[in-house]
Amino acid sequence: MDKKLLFGRIKRSKFFIVGGIGVFFIIILAFTSPLFVSFDGTTSSLMERFTPPEGFSKGLAGHILGTDQLGRDILTRILLGARISLSIAIICVALSAFIGTVLGLIAGYFGGAVDKIIMRTCDVFLSIPSLILAIAIMAVLGTSIINLITVMVISRWVQYARLMRNQVMVIRNKEFVLASKAFGASHWHIMFKQIFVNITTPLIILLSQQIGQMILMESSLSFLNMGIQPPLPSWGSMIANGRSYIASYPWVVVAPGIALMLTVLSFNFLGDGLRDILDPKQK
Amino acid sequence: MGKYILRRLGATIVVLFFATLITFILIRLAPGNPALMMLADSATPEEIAAMEAYLGLDKPVIVQYLIYIAGIFKGDFGTSIMYQRPCIDIILSRLPATALLTFAGCTVGLLVAIPLGVLAGVKQGSMVDLSAMTFALLGQSMATVWLAVLLVLIFSVHLGWLPALGYGTFKHLILPAITIGFPLASQTTRLARSGMVDVLKEDYITSTYAKGISRRQVYTKYAFKNAMLPVITIVGLQIAGYLGGAVVTEQVFSWPGLGALMVSAIGNRDYPLVQSTLLVVAVMVSLVNLIVDIINCLVDRRMTLN
Amino acid sequence: MKKTFTFIALLMFCMALFAGGSNEQSSDIPASVSLSDKSEVTVAVTQNLVSLDVGTTPSGASLAVFDMIYDYLVDSDHNGNLMPQLATSWEVSEDNLTWTFHLREGVKFHNGEDFTSDDVVFTFERMQENPSKYPLYSANNFSLIVSVDAIDDYTVTFTTSEPFGALLTSLSGMAIIPADTVRELGDAFFTEGYCYGTGPWKFEEWIDGQYISFTRNDEYWAGQTSNVDRLVMRFITESSSIVAGLISGTIDATGRVPSDMLSQFDGHPEIILDTVDTSQILIIGLQCGDYSPFHDENVRKAFSYAIDRQLLCDAIMGGGKASNSIMSEGTLGYDANVKMPYDPELAKQLLSESDYNGEPITLYVNTAVVQGEEIMLAVCDMVNSVGFNCNIQMVEQAYINEVRVSGDYDAYVVTASFTGGDPYGYLNQRVLSDSHHHNYADPEINDYITLSNRETDQTQRNEYLKSAVGLMSEHCAPQIALFCYEYNTAIRDGVEGIEYSPEGLYYFDDVYIDK
């Protein structure tokens, strides 16, 4: 794509700018957090349980966002948890999108028996509710982070495969594709250079939605004691464990909930912005 | 069309077969002996062995599977280890709750989302569009458990308008339905909006303008139908997801659905109940997927015919 | 396109009909906010009822339910004392092997059938014939009973294979069912919801996973003084949902409100809060085999002395009593003089003297333990500060069962309680028989336990138990206790007669409304 055109579009897309800044800021914050946190987010301090947020009244040395049910500083845990939750979500999305897209492209392009096999496999996974599948697999494998990623990828790749396959089916009989075939272009060329680039829009939207969904899925798994194991913090487990206290000590849940919302919002903005920029049909 | 359905049904049966096989193997791989769950701590090895024989767990796994499958064909879905009752009884007693919740949640979600999303797509860039997107993004950023507890806090504890939990009347349905419907509405709004936006830019839309057909007719007759294609796929997937996976919602609201049943059955290593509940859920999910595929097919046909 | 939409609409309509239709059958639970014109009470329990069969695995929910509908030969007052119920008196033979019970006359089941010795014999033999199907049989050590015989309509004898000091306690858990009716109906007696007992309440209906309801039995043989027409027991796992239910009026009573949630009741004077001391303890079972770091007594002591039990009670639980042994006040074998110090300095010293070298130790914590994660994370921090390298893993009951059979664990954390305040079953199974494979066998401790088994004089028995338990605390094996739970109960003003027993169980059969 023409660089000038691209740059022009970037400037015009408010979504992309806001989202991009948000994501950039969050990622930097998450990965540099060990440098400036003043508390240990994992050791308990029983006498300080449920300290209400002190704001900046004690400067940076106080519990700015308060403490949780074990006296651990919440702001520290949010920052540490950002790293964990984000890393897992990004890895899961990348892996499941990759697997799902490749399989979906193949299924949609070749059709016939290949399509049938891949789609039936999708159906098998779809017929088992993703949370249930995750729980069952965790029950077998145990609760390490690698298993968590495995389980989340296994239950999510299908969305990409089905979407991509349906999109491919719509496009593959279009003239420019048929023309390429007539010219003897290879399967891979057609699949990736012609078809794929034209169906990236729904994929990008799905991707940007999925990062937030992954964090939320991890929170559901934490709710059922299958997610990130204590004492490691993750936004999901902070919300899940703090849910009982939402009426008495709301800051335990509100802070990670807001952090989560802002993060997901940023990624969604970014995704929408990307769509606006990359859309080949834009005049 | 009829042949297509038949072929898909055949494929569905294959899918169900593999789904049950995977479940069968998976649940048995999980550490924990259901016989032990039934007995007190003090059980002697002889008592454990007797319980295993009673539950049919002393036979080789292949034999257990064949017995189970043979039972399915006779309509016998096994006896739950925990409840000591036929699995099908337990499942059927929970099925209405799940169906009701799924239906209500989807109705709430779609009724809000589709008009909102379409309108936002048509009036791209306007205040309507902005509000719709904000609404959508909010809904997708909330953890289910957070949303559920928040709703209870506001509407039940502080305002006292609705019951906090339970199942039985229309009032009991409202909060759980919103918990399910809000995220669904958010996702659908976005998809409907982007679908409309994409379609409205298509060449064939421009050509219909050229033919002199009114804007409204363009939107409803041509654009809407085609914009809905990805929406239908995703919504179908979501519905299928709620049929057995609305675990968190069911737990917070004490909603006696299939999701909660399956989680507790897995925790109790209640093999027959896990397998049978999963089979029933898988059947329902496959049905929904079949409907989605048929719709896709029909819409696709119309498009190619056009 | 229109056709497909119509099709979908029809389908959804059908689903709604289907769902809505079944909706009409479930009863509407009215909100019970003001008691002035009420005669119905709704209580919430966190455990789910699994089966109506009286032979099912005993659980808090099943005990409460059967207590409503059925009676027993002897009744526990839930404080360690046993009183006559369906049996008016009893004797033991010289050789301590034959117990003779004299039964109450004029008692009828809810369907009119007369209560006779035949019902007692039938209730027992039903389990004896098929012990795998009725886990109560092994749970209450009924295998020690050789036979039950009806001497006449109102006299019955139990013959045991060896002196069974805790027979009465075991029988207090065997609900008597009507022999003729059950012979006729078979399992359908329970699965179809007949459930006739001799108890103060009649079974009304059970919606699995939701609630069970009872109606008052005005013909109860002991007289019925309650003014409550109907009791509903709801099964709810979420504490926050229960609290919300109490405040909004759907629920009238519950036990076990986490201390951290009590502040939600401020401004609601119609909910009366109270505390109940229980004998339910939080225990850590230690693996004492050679392959485990805990085989060394110094390591075990270091671990135990590093834990500030009082702080756990004060800070996290908001109550409860720090434990000095695995027994609690009110249980046989409890001795207030046993020492279990909090001494981190001593712990450090003991640890350095041992052969522990910082190997990672994993504590398996049962997810069913209330606030288990919180408590054990704090415990880990405490022991790690003296040199341990501990971490926790939250696991389900099935996993705990599994590792306790294989012995493949460093430590596990569960709650335990003693039915009837009698640790008979507990000590025999977990210490003497080592059913959880702690691989610890101290001849002195085992001797005391065996002596206590045979002793029918309760005072002497208590002495033996004290000795055994004292030694267990001294050696910190095979289990150590952290604290006894104190429950917070929340009951609507005016609802009386609900009992939250020290065993950590709940009983509603004496409920009434005081207007």
Side-chain angles (χ1 to χ4, degrees), chain B residues 30-44 47-48 50-51 53-55 82-85 89-90 93-94 96-97 99-100 102-103 106-107 149 152-153 156-157 160 162-169 225 251-254 256 260-261 264 267-269 291 294-295 298-299 302, chain C residues 1 4 7-8 11-12 15-16 18-20 22-23 26-29 31 48 50-51 53 56-58 130-133 135 138-141 187 191 207-210 234-238 240-241 244-245 247-250 264 396-399 401-405 425 428-430 433 435-436:
Chain B
N33 186 344
L36 278 175
M37 298 293 295
M38 291 293 288
L39 297 168
D41 281 342
S42 53
T44 62
E47 284 172 336
I48 298 177
M51 181 60 93
Y54 175 71
L55 295 173
M82 274 300 287
Y83 292 89
Q84 286 293 302
R85 275 169 30 220
D89 289 347
I90 304 168
S93 71
R94 303 271 197 142
L100 186 62
T102 308
F103 173 61
C106 289
T107 308
V149 176
V152 169
L153 190 63
S156 193
V157 177
L162 296 167
L165 48 89
Y167 170 69
T169 66
K225 287 185 286 183
Q251 180 146 357
V252 175
F253 291 105
S254 268
L261 182 66
S264 74
N268 292 324
R269 304 292 189 263
I291 294 172
I294 292 175
I295 293 174
L298 281 171
V299 173
R302 297 273 178 111
Chain C
M1 206 57 197
T4 27
F7 174 58
I8 299 173
L11 192 74
M12 288 193 163
M15 276 174 79
F18 173 48
S22 4
N23 209 5
S26 52
S27 24
D28 187 350
I29 315 293
N48 193 18
V50 162
S51 164
D53 194 313
T56 190
T57 320
N130 205 344
S132 298
K133 194 172 173 199
S138 75
N140 282 27
N141 305 296
D187 282 343
T191 55
I207 311 281
D208 171 33
Q210 288 187 69
R234 296 200 132 263
F235 310 111
I236 305 169
T237 41
E238 278 285 305
S240 50
S241 305
I247 294 176
S248 65
T250 5
Q264 289 184 51
E396 336 156 287
Q397 184 67 45
Y399 195 89
N401 289 347
E402 182 83 357
V403 298
R404 289 201 292 203
V405 164
N428 273 290
Q429 289 137 24
R430 302 193 193 190
S433 319
S435 58
H436 292 153

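So you know, we letter chains A, B, ... as the sequences are listed, proteins then strands, and number each from 1.
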inquiry  = Contact between Ile207(C) and Tyr167(B) at the side-chain level, heavy atoms closer than 4.5 Å - yes or no?
reply    = no
Proximal component of Ser241(C), with respect to chain B [non-hydrogen, under 4.5 Å] = both
remark   = Ser51(C) meets the side chain to side chain contact (heavy atoms under 4.5 Å, CB included) criterion, sequence neighbours left out, with Asp53(C), Thr56(C)
ask   = Looking at Glu402(C) and Asn33(B), what are the two nearest heavy atoms and their distance?
value = OE1-N, 3.5 Å
ask   = Which region of Ile236(C), side chain (C-beta onward) or backbone (N, CA, C, O), has a non-hydrogen atom less than 4.5 Å from a non-hydrogen atom of chain B, or is it both or neither?
value = both
ask   = Rounded to the nearest 0.5 Å, what separation is found between the CD atom of Gln84(B) and the OG1 atom of Thr191(C)?
value = 11.0 Å
key: Residues forming a ring pair (Phe, Tyr, Trp, His ring centres under 6.0 Å) with Tyr399(C), sequence neighbours excluded   = Tyr364(C)
inquiry  = Under 4.5 Å from any heavy atom of chain C, what part of Tyr54(B) do you find: side chain, backbone, both or neither?
reply    = side chain
Where Ser156(B) and Ser248(C) come nearest, the two heavy atoms and their spacing = O-CB, 3.7 Å
request  = Identify the heavy atoms of Met51(B) and Ser132(C) that sit nearest to each other, and give their distance.
outcome  = CE-O, 2.6 Å
ask   = chain C heavy atoms under 4.5 Å from Leu162(B): which part of the residue, side chain, backbone, both or neither?
value = neither
note = Output for pair (Asp208(C) CG, Leu261(B) CG), nearest 0.5 Å, gives 7.5 Å
ask   = How far apart are the closest heavy atoms of Arg85(B) and Val50(C), and which atoms are they?
value = NH1-O, 4.4 Å
note = Bottom line for Val403(C): the part with an atom under 4.5 Å from chain B's heavy atoms is neither
ask   = Between Asn48(C) and chain B, which part of the residue has a heavy atom less than 4.5 Å away: side chain, backbone, both or neither?
value = side chain
message = Given Gln210(C), which partner from the list Pro256(B), Ser93(B), Ser254(B) fulfils the side chain to side chain contact (heavy atoms under 4.5 Å, CB included) test?
response = Pro256(B)
